Amino acid sequence: MMGTLKVKILKALKNKKINVFFLFLLMSFGVLILLKLSKTYVNTITFQVTKINVPEAHVVFDDHQKTLRVGIKAQGFSLLKYYFNKPKINIDFSHNITKTDSLYTWNKNTAYLDILSQFDKSVEVVNINPDTLHFKYDVNAIKKVPIMLNAKVNYAIGYDILDTFILSPDSIKIIGPKVLISEIDFIETDTLKLQDVKDNIKSTISLKLPTDEQEIKFSSKETHVVATVTKFTEGKLKIPVKVINVPENINLKYYPKKINVSYYTSLSNYNSIKASDFEIVCDFSEVSKNQMFLIPRLTRQPKVLRHVKINHDQIEYIITE
(Lines give C-alpha, C1' and ligand atoms only; values in the text may rest on other atoms or scores of the structure.)
Protein backbone atom coordinates (compact mmCIF):
# COMPACT_ATOMS: atom_id res chain seq x y z
CA MET A 1 0.00 0.00 0.00
CA MET A 2 2.74 2.44 1.04
CA GLY A 3 4.82 1.45 -2.00
CA THR A 4 1.94 2.25 -4.37
CA LEU A 5 1.38 5.66 -2.73
CA LYS A 6 5.10 6.48 -3.03
CA VAL A 7 5.06 5.65 -6.75
CA LYS A 8 2.02 7.90 -7.32
CA ILE A 9 3.69 10.84 -5.54
CA LEU A 10 6.88 10.48 -7.60
CA LYS A 11 4.82 10.42 -10.81
CA ALA A 12 2.95 13.54 -9.71
CA LEU A 13 6.19 15.40 -9.04
CA LYS A 14 7.47 14.52 -12.50
CA ASN A 15 4.31 15.96 -14.01
CA LYS A 16 5.31 19.31 -15.59
CA LYS A 17 1.83 20.78 -15.23
CA ILE A 18 1.93 20.31 -11.45
CA ASN A 19 5.46 21.78 -11.26
CA VAL A 20 4.34 24.89 -13.15
CA PHE A 21 1.33 25.20 -10.84
CA PHE A 22 3.54 25.15 -7.71
CA LEU A 23 5.94 27.65 -9.28
CA PHE A 24 3.13 30.12 -9.95
CA LEU A 25 1.71 29.51 -6.48
CA LEU A 26 5.10 30.31 -4.92
CA MET A 27 5.51 33.42 -7.05
CA SER A 28 2.03 34.60 -6.11
CA PHE A 29 2.80 34.12 -2.43
CA GLY A 30 6.05 36.10 -2.80
CA VAL A 31 4.28 38.98 -4.56
CA LEU A 32 1.61 39.02 -1.85
CA ILE A 33 4.29 39.31 0.88
CA LEU A 34 6.06 42.13 -1.01
CA LEU A 35 2.78 44.00 -1.34
CA LYS A 36 2.08 43.59 2.36
CA LEU A 37 5.56 44.77 3.38
CA SER A 38 5.42 47.77 1.07
CA LYS A 39 2.33 49.12 2.83
CA THR A 40 2.59 51.65 5.68
CA TYR A 41 1.66 50.56 9.21
CA VAL A 42 1.50 52.12 12.63
CA ASN A 43 2.71 49.76 15.37
CA THR A 44 3.70 50.20 19.01
CA ILE A 45 6.99 48.48 19.80
CA THR A 46 8.56 48.02 23.25
CA PHE A 47 12.22 49.06 23.45
CA GLN A 48 14.59 48.13 26.29
CA VAL A 49 16.38 51.19 27.65
CA THR A 50 20.19 51.21 27.52
CA LYS A 51 21.93 53.77 29.76
CA ILE A 52 24.91 55.52 28.13
CA ASN A 53 27.36 58.24 29.27
CA VAL A 54 26.52 57.85 32.96
CA PRO A 55 28.93 60.07 34.96
CA GLU A 56 31.78 58.02 36.47
CA ALA A 57 31.08 59.39 39.94
CA HIS A 58 27.58 57.91 39.89
CA VAL A 59 26.08 54.50 39.47
CA VAL A 60 22.50 54.11 38.23
CA PHE A 61 20.48 51.17 39.42
CA ASP A 62 16.90 50.10 38.77
CA ASP A 63 14.31 48.01 40.54
CA HIS A 64 13.54 46.52 37.11
CA GLN A 65 14.52 46.95 33.47
CA LYS A 66 13.19 50.23 32.10
CA THR A 67 11.34 50.18 28.75
CA LEU A 68 9.81 52.68 26.32
CA ARG A 69 6.78 51.91 24.19
CA VAL A 70 7.28 53.77 20.90
CA GLY A 71 4.56 54.19 18.28
CA ILE A 72 6.18 53.91 14.84
CA LYS A 73 4.73 54.67 11.42
CA ALA A 74 6.69 53.01 8.62
CA GLN A 75 6.61 50.50 5.78
CA GLY A 76 6.53 46.85 6.68
CA PHE A 77 10.12 46.47 5.46
CA SER A 78 11.31 49.02 8.04
CA LEU A 79 9.26 47.47 10.84
CA LEU A 80 10.41 43.94 10.13
CA LYS A 81 13.81 44.25 11.86
CA TYR A 82 12.23 45.12 15.21
CA TYR A 83 10.56 41.70 15.37
CA PHE A 84 13.69 39.61 14.85
CA ASN A 85 15.84 41.15 17.63
CA LYS A 86 15.04 42.65 21.00
CA PRO A 87 14.95 46.36 20.12
CA LYS A 88 16.95 48.74 22.34
CA ILE A 89 16.98 52.49 22.67
CA ASN A 90 19.68 54.65 24.25
CA ILE A 91 19.12 57.24 26.96
CA ASP A 92 22.08 59.61 27.20
CA PHE A 93 22.87 60.77 30.73
CA SER A 94 25.25 63.50 29.57
CA HIS A 95 22.50 65.89 28.40
CA ASN A 96 18.75 66.42 28.18
CA ILE A 97 18.23 64.77 31.57
CA THR A 98 17.69 66.35 34.99
CA LYS A 99 19.30 65.31 38.26
CA THR A 100 18.21 65.65 41.89
CA ASP A 101 19.88 64.37 45.08
CA SER A 102 18.82 60.78 44.40
CA LEU A 103 17.19 60.61 40.96
CA TYR A 104 17.89 61.17 37.29
CA THR A 105 14.71 62.13 35.43
CA TRP A 106 14.25 61.63 31.69
CA ASN A 107 11.39 63.43 29.94
CA LYS A 108 10.32 62.80 26.36
CA ASN A 109 9.66 66.50 25.69
CA THR A 110 13.27 67.54 26.34
CA ALA A 111 14.86 64.38 24.90
CA TYR A 112 12.57 63.88 21.90
CA LEU A 113 15.26 64.75 19.34
CA ASP A 114 17.66 62.27 20.99
CA ILE A 115 15.12 59.50 20.50
CA LEU A 116 14.26 60.59 16.97
CA SER A 117 17.93 60.52 15.91
CA GLN A 118 18.09 56.78 16.63
CA PHE A 119 15.57 55.91 13.88
CA ASP A 120 15.94 55.83 10.11
CA LYS A 121 14.49 58.73 8.11
CA SER A 122 11.94 56.31 6.70
CA VAL A 123 10.47 55.85 10.19
CA GLU A 124 8.10 58.34 11.77
CA VAL A 125 7.86 58.36 15.58
CA VAL A 126 4.18 58.88 16.41
CA ASN A 127 4.26 58.71 20.22
CA ILE A 128 6.39 57.65 23.19
CA ASN A 129 5.16 56.16 26.44
CA PRO A 130 5.69 56.73 29.29
CA ASP A 131 6.37 60.46 29.22
CA THR A 132 8.86 60.27 32.08
CA LEU A 133 11.40 57.78 33.44
CA HIS A 134 13.07 57.97 36.85
CA PHE A 135 16.47 56.38 37.56
CA LYS A 136 17.79 55.95 41.09
CA TYR A 137 21.48 56.61 41.52
CA ASP A 138 24.11 56.57 44.23
CA VAL A 139 27.65 57.82 44.61
CA ASN A 140 30.22 55.24 43.59
CA ALA A 141 32.27 53.85 46.46
CA ILE A 142 35.44 51.74 46.38
CA LYS A 143 36.08 48.93 48.83
CA LYS A 144 38.91 46.42 49.04
CA VAL A 145 37.98 42.96 50.29
CA PRO A 146 40.03 39.76 50.76
CA ILE A 147 39.64 36.66 48.62
CA MET A 148 38.77 33.49 50.56
CA LEU A 149 40.01 30.28 48.96
CA ASN A 150 37.76 27.22 48.94
CA ALA A 151 39.96 24.15 48.56
CA LYS A 152 39.45 20.40 48.74
CA VAL A 153 42.94 19.02 48.18
CA ASN A 154 43.97 15.45 48.96
CA TYR A 155 47.71 14.83 48.96
CA ALA A 156 49.49 11.61 48.03
CA ILE A 157 50.76 9.52 50.95
CA GLY A 158 53.88 11.15 52.41
CA TYR A 159 53.22 14.54 50.77
CA ASP A 160 51.75 17.79 52.08
CA ILE A 161 51.73 21.53 51.43
CA LEU A 162 54.94 23.16 52.72
CA ASP A 163 53.58 26.50 53.85
CA THR A 164 50.24 27.84 52.66
CA PHE A 165 48.33 28.73 49.52
CA ILE A 166 49.39 32.00 47.91
CA LEU A 167 46.72 33.93 46.00
CA SER A 168 47.48 36.53 43.37
CA PRO A 169 45.62 38.76 43.75
CA ASP A 170 44.72 38.03 47.36
CA SER A 171 42.10 40.80 47.41
CA ILE A 172 40.00 42.74 44.91
CA LYS A 173 38.48 46.18 44.62
CA ILE A 174 34.71 46.52 44.51
CA ILE A 175 33.21 49.61 42.91
CA GLY A 176 29.54 50.38 43.30
CA PRO A 177 26.80 52.00 45.40
CA LYS A 178 27.68 52.27 49.10
CA VAL A 179 24.43 50.65 50.08
CA LEU A 180 25.32 47.52 48.10
CA ILE A 181 29.06 47.09 48.63
CA SER A 182 28.87 47.76 52.37
CA GLU A 183 27.35 44.29 52.76
CA ILE A 184 30.31 42.53 51.06
CA ASP A 185 33.16 41.65 53.46
CA PHE A 186 34.96 39.05 51.35
CA ILE A 187 34.76 37.20 48.03
CA GLU A 188 34.97 33.39 47.85
CA THR A 189 36.53 31.36 45.07
CA ASP A 190 35.08 28.37 43.32
CA THR A 191 36.26 25.16 44.97
CA LEU A 192 39.77 24.03 44.05
CA LYS A 193 39.47 20.23 43.82
CA LEU A 194 42.65 18.15 43.50
CA GLN A 195 43.39 14.48 44.20
CA ASP A 196 46.59 12.54 44.97
CA VAL A 197 48.75 15.67 44.79
CA LYS A 198 52.54 15.30 44.94
CA ASP A 199 53.68 18.20 42.72
CA ASN A 200 53.59 21.95 43.29
CA ILE A 201 50.17 23.50 42.77
CA LYS A 202 49.63 26.13 40.08
CA SER A 203 46.07 26.91 39.12
CA THR A 204 43.72 29.70 38.07
CA ILE A 205 40.34 29.71 39.74
CA SER A 206 37.24 31.85 39.23
CA LEU A 207 35.70 34.04 41.90
CA LYS A 208 32.12 33.69 43.09
CA LEU A 209 30.91 37.15 42.10
CA PRO A 210 27.31 38.23 42.71
CA THR A 211 25.37 37.90 39.46
CA ASP A 212 22.25 39.73 40.64
CA GLU A 213 24.01 43.06 41.27
CA GLN A 214 24.81 44.48 37.83
CA GLU A 215 25.64 47.89 39.32
CA ILE A 216 28.73 46.51 41.08
CA LYS A 217 32.08 46.28 39.28
CA PHE A 218 34.97 44.04 40.34
CA SER A 219 38.67 44.58 39.63
CA SER A 220 39.16 40.87 38.88
CA LYS A 221 37.07 37.81 38.07
CA GLU A 222 39.71 35.21 38.94
CA THR A 223 42.81 34.59 41.03
CA HIS A 224 45.98 32.52 40.60
CA VAL A 225 46.72 29.89 43.26
CA VAL A 226 50.22 28.54 43.93
CA ALA A 227 51.58 26.30 46.68
CA THR A 228 54.73 24.29 47.28
CA VAL A 229 54.14 20.57 47.83
CA THR A 230 56.93 18.40 49.22
CA LYS A 231 57.61 15.12 51.02
CA PHE A 232 56.77 14.98 54.72
CA THR A 233 57.85 12.61 57.47
CA GLU A 234 57.09 12.00 61.13
CA GLY A 235 59.47 13.08 63.89
CA LYS A 236 59.62 12.52 67.64
CA LEU A 237 61.61 14.24 70.42
CA LYS A 238 61.76 14.09 74.22
CA ILE A 239 61.00 17.54 75.64
CA PRO A 240 61.67 18.64 79.25
CA VAL A 241 58.61 19.50 81.36
CA LYS A 242 58.61 22.82 83.20
CA VAL A 243 56.31 23.48 86.18
CA ILE A 244 55.42 27.09 86.99
CA ASN A 245 53.61 28.94 89.83
CA VAL A 246 54.73 26.55 92.55
CA PRO A 247 54.49 28.24 96.00
CA GLU A 248 57.86 28.76 97.73
CA ASN A 249 56.81 26.69 100.75
CA ILE A 250 56.11 23.61 98.61
CA ASN A 251 58.69 21.09 97.52
CA LEU A 252 57.30 19.50 94.39
CA LYS A 253 58.44 16.33 92.68
CA TYR A 254 56.89 15.18 89.41
CA TYR A 255 57.26 12.42 86.86
CA PRO A 256 58.09 12.08 84.01
CA LYS A 257 60.59 14.94 83.68
CA LYS A 258 60.54 14.59 79.90
CA ILE A 259 57.77 13.53 77.58
CA ASN A 260 57.61 12.61 73.91
CA VAL A 261 56.27 15.05 71.34
CA SER A 262 55.46 13.73 67.87
CA TYR A 263 55.07 15.90 64.81
CA TYR A 264 54.89 15.94 61.05
CA THR A 265 57.37 17.99 59.02
CA SER A 266 58.95 18.27 55.59
CA LEU A 267 62.15 16.36 54.83
CA SER A 268 63.96 19.65 54.23
CA ASN A 269 63.15 20.84 57.78
CA TYR A 270 63.53 17.50 59.56
CA ASN A 271 67.21 17.82 60.59
CA SER A 272 66.79 21.41 61.79
CA ILE A 273 64.17 20.58 64.45
CA LYS A 274 65.63 20.55 68.00
CA ALA A 275 64.25 19.87 71.46
CA SER A 276 65.09 23.46 72.45
CA ASP A 277 62.55 24.65 69.87
CA PHE A 278 59.74 23.33 72.10
CA GLU A 279 58.46 24.25 75.53
CA ILE A 280 56.08 22.22 77.66
CA VAL A 281 54.64 23.88 80.74
CA CYS A 282 52.49 22.69 83.67
CA ASP A 283 50.79 25.41 85.70
CA PHE A 284 50.52 24.39 89.35
CA SER A 285 48.02 27.21 90.03
CA GLU A 286 45.49 25.38 87.87
CA VAL A 287 45.52 22.24 90.02
CA SER A 288 42.21 21.71 91.80
CA LYS A 289 41.78 20.30 95.28
CA ASN A 290 42.60 16.56 95.58
CA GLN A 291 43.98 16.55 92.03
CA MET A 292 47.21 14.56 92.00
CA PHE A 293 48.38 15.31 88.48
CA LEU A 294 49.44 18.26 86.32
CA ILE A 295 48.24 19.05 82.79
CA PRO A 296 51.10 19.53 80.30
CA ARG A 297 50.62 22.18 77.61
CA LEU A 298 52.77 22.90 74.60
CA THR A 299 53.51 26.64 74.75
CA ARG A 300 56.18 26.86 72.05
CA GLN A 301 56.87 24.97 68.85
CA PRO A 302 58.36 25.62 65.38
CA LYS A 303 55.87 27.08 62.90
CA VAL A 304 56.92 24.64 60.18
CA LEU A 305 55.46 21.63 62.00
CA ARG A 306 52.09 19.93 61.46
CA HIS A 307 49.98 17.70 63.68
CA VAL A 308 52.08 18.29 66.81
CA LYS A 309 50.98 16.03 69.66
CA ILE A 310 52.04 15.55 73.29
CA ASN A 311 52.11 11.84 74.10
CA HIS A 312 51.27 12.33 77.80
CA ASP A 313 48.01 13.79 79.05
CA GLN A 314 49.03 13.96 82.70
CA ILE A 315 52.14 14.48 84.84
CA GLU A 316 52.03 12.84 88.25
CA TYR A 317 53.38 14.77 91.21
CA ILE A 318 53.89 14.55 94.97
CA ILE A 319 54.59 17.20 97.58
CA THR A 320 57.45 16.50 100.00
CA GLU A 321 58.60 18.41 103.06
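Atom set for the values below is all heavy atoms of this structure, side chains included, hydrogens, waters and symmetry mates excluded. Predicted model, so just to flag it, every value in this text is computed and none were measured.
- No side-chain heavy atom of Pro302 sits less than 4.5 Å from a side-chain heavy atom of Thr265.
- Remark: Lys66 is positioned above the aromatic ring of Phe135, its terminal NZ or CZ atom under 6.0 angstrom from the ring centre and at most 45 degrees off the axis.
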- [ ] Take Ile128 and Ile115 through the test side-chain contact (heavy atoms from CB on, under 4.5 Å) and record every step on the way to the result.
- [x] CA-CA 9 Å; Ile128 302 173; Ile115 299 298; 3.8 Å; yes
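- Across all their heavy atoms, Tyr270 and Gly235 have their closest contact at CE1-CA, 3.9 Å.
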Task: Intermediate values then yes/no, salt bridge (Lys or Arg N to Asp or Glu O under 4.0 Å), Lys143 and Asp185 - done: CA-CA 9 Å; Lys143 184 179 182 181; Asp185 296 319; 3.6 Å; yes
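- Between Val261 and Val308 there is a side-chain heavy-atom pair separated by less than 4.5 Å.
- Side chains of Pro256 and Ile315 form a contact here, defined as non-hydrogen atoms less than 4.5 Å apart.
- In summary, the side chains of His134 and Thr105 do present a donor paired with an acceptor at a separation below 3.5 Å, with no hydrogens or angles considered.
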- [ ] Might you work through the ring pair (Phe, Tyr, Trp, His ring centres under 6.0 Å) test for Phe93 and Tyr104, ending with a clear yes or no?
- [x] CA-CA 8 Å; Phe93 281 70; Tyr104 279 102; 5.1 Å; yes
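- The closest side-chain donor-acceptor pair between Glu279 and Thr299 falls under 3.5 angstrom.
- The closest side-chain donor-acceptor pair between Thr320 and Asn251 falls under 3.5 angstrom.
- Linking ILVMFWY side-chain heavy atoms closer than 4.5 Å, directly or via other members, places Val281 and Val287 in two distinct hydrophobic clusters.
- To the nearest 0.5 Å, atoms CG (Leu133) and CG (Asn107) are separated by 9.5 Å.
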TODO: Just do the side-chain contact (heavy atoms from CB on, under 4.5 Å) check on Asn90 and Gln118 with the steps written out, would you?
DONE: CA-CA 8 Å; Asn90 296 331; Gln118 299 180 52; 3.6 Å; yes
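- With Tyr255 as the aromatic partner, Lys253 does not meet the cation-pi criteria of under 6.0 angstrom to the ring centre and within 45 degrees of the ring axis.
- Cluster annotation: Val60 is not connected to Ile52 through the hydrophobic network of ILVMFWY side chains, with a link wherever side-chain heavy atoms come within less than 4.5 Å.
- A centroid separation of 6.0 Å or more is found between the aromatic rings of Tyr155 and Phe232.
- The minimum heavy-atom distance between Ser272 and Asp277, with the atom names listed, is O-OD2, 3.7 Å.
- Between Ile273 and Tyr263, some side-chain heavy-atom pair lies under the 4.5 Å cut-off.
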- [ ] Start with the C-alpha gap between Ser262 and Asn311, add the side-chain angles, then the distance that decides, and say whether side-chain contact (heavy atoms from CB on, under 4.5 Å) holds.
- [x] CA-CA 7 Å; Ser262 59; Asn311 294 343; 3.7 Å; yes
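- Without hydrogens or angle criteria, Thr100 side chain to Leu103 main chain gives a donor-acceptor distance under 3.5 Å.
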Open item on the list: Quick one, Phe47 with Phe119, criterion ring pair (Phe, Tyr, Trp, His ring centres under 6.0 Å). Give me CA distance, side-chain angles, the key distance, then yes/no.
Closed with: CA-CA 12 Å; Phe47 289 79; Phe119 292 91; 5.6 Å; yes
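- Distance check: Ile91 CD1 to Thr50 OG1 gives 9.0 Å after rounding to the nearest 0.5 Å.
- Counting all heavy atoms, side chain and backbone alike, Pro87 lies closest to Thr46 at CG-O, 3.3 Å.
- Inter-residue side-chain proximity for Asp114 and His95 is flagged as met; some heavy-atom pair is nearer than 4.5 Å.
- Distance CH2/Trp106 to CG/Asp131: 8.0 Å, rounded to 0.5 Å.
- No side-chain donor from either of Thr228 and Asn200 sits under 3.5 Å from a side-chain acceptor of the other.
- Closest non-hydrogen pair, Ser220 versus Glu222, comes out as OG-O, 2.7 Å.
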TODO: Please assess Leu207 against Thr223 for the test side-chain contact (heavy atoms from CB on, under 4.5 Å), listing each intermediate value before the final yes or no.
DONE: CA-CA 7 Å; Leu207 305 179; Thr223 186; 4.0 Å; yes
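- A donor and an acceptor atom, one from each side chain of Asn269 and Ser266, are located under 3.5 Å apart.
- Judged by distance alone, with hydrogens and angles left aside, the side-chain atoms of Ser171 form no donor-acceptor pair with the main-chain N or O of Pro146 at under 3.5 Å.
- A donor-acceptor pair under 3.5 Å links the side-chain atoms of Gln65 to the main chain of Val49, judged by distance alone.
- Following chains of ILVMFWY side-chain contacts shorter than 4.5 Å, one cannot reach Leu267 starting from Tyr159, and the two form parts of different hydrophobic clusters.
- Side-chain heavy atoms closer than 4.5 Å link hydrophobic residues (I, L, V, M, F, W, Y) into clusters, and following such links, even through other members, never connects Ile280 to Ile295.
- Hydrophobic clustering of Ile, Leu, Val, Met, Phe, Trp and Tyr side chains at less than 4.5 Å, counting indirect connections, unites Ile161 with Ile201.
- Residue Gln301 holds its CD atom at 10.5 Å from CD1 of Ile239, rounded to the nearest 0.5 Å.
- Between Asp120 and Ser122, the side chains place no donor N or O within less than 3.5 Å of an acceptor N or O (distance only, hydrogens not considered).
- The neighbour count for Lys178 NZ, taken as heavy atoms of other residues, nucleotides or ligands under 6.0 Å away, does not exceed 12.
- Atom NZ of Lys108 is surrounded by more than 12 heavy atoms from other residues, nucleotides or ligands within 6.0 Å.
- In terms of heavy atoms, Ile259 sits closest to Pro296 at CD1-CB, 4.1 Å.
- Between Tyr317 and Cys282 there is no side-chain heavy-atom pair separated by less than 4.5 Å.
- The main-chain N or O of Ser276 is found under 3.5 Å from a side-chain atom of Arg300 such that the two form a donor-acceptor pair.
- In this structure, His58 and Tyr137 have tilted ring planes: the angle between them lies in the 30° to 60° band.
- No salt bridge links Asp190 with Lys208; every basic N to acidic carboxylate O contact stays at or beyond 4.0 Å.
- Interatomic distance, CZ of Arg297 versus CD1 of Ile310, reported as 9.5 Å (0.5 Å rounding).
- With a 6.0 Å radius and a threshold of 12 heavy atoms from other residues, nucleotides or ligands, Glu316 has its CD atom at or below the threshold.
- Between the CG atom in Leu167 and the CD1 atom in Ile147 there is a gap of 6.5 Å [rounded to 0.5 Å].
- Counting non-hydrogen atoms of neighbouring residues, nucleotides and ligands closer than 6.0 angstrom, the CD1 atom of Ile318 exceeds 12 such neighbours.
- Between Ile142 and Ile175, the closest side-chain pair of non-hydrogen atoms falls below 4.5 Å.
- For the pair Leu162/Val229, no side-chain contact is recorded, criterion being any heavy-atom separation below 4.5 Å from C-beta on.
- Nearest heavy atom pair, residue Val153 against residue Leu192, reads CG2-O, 4.2 Å.
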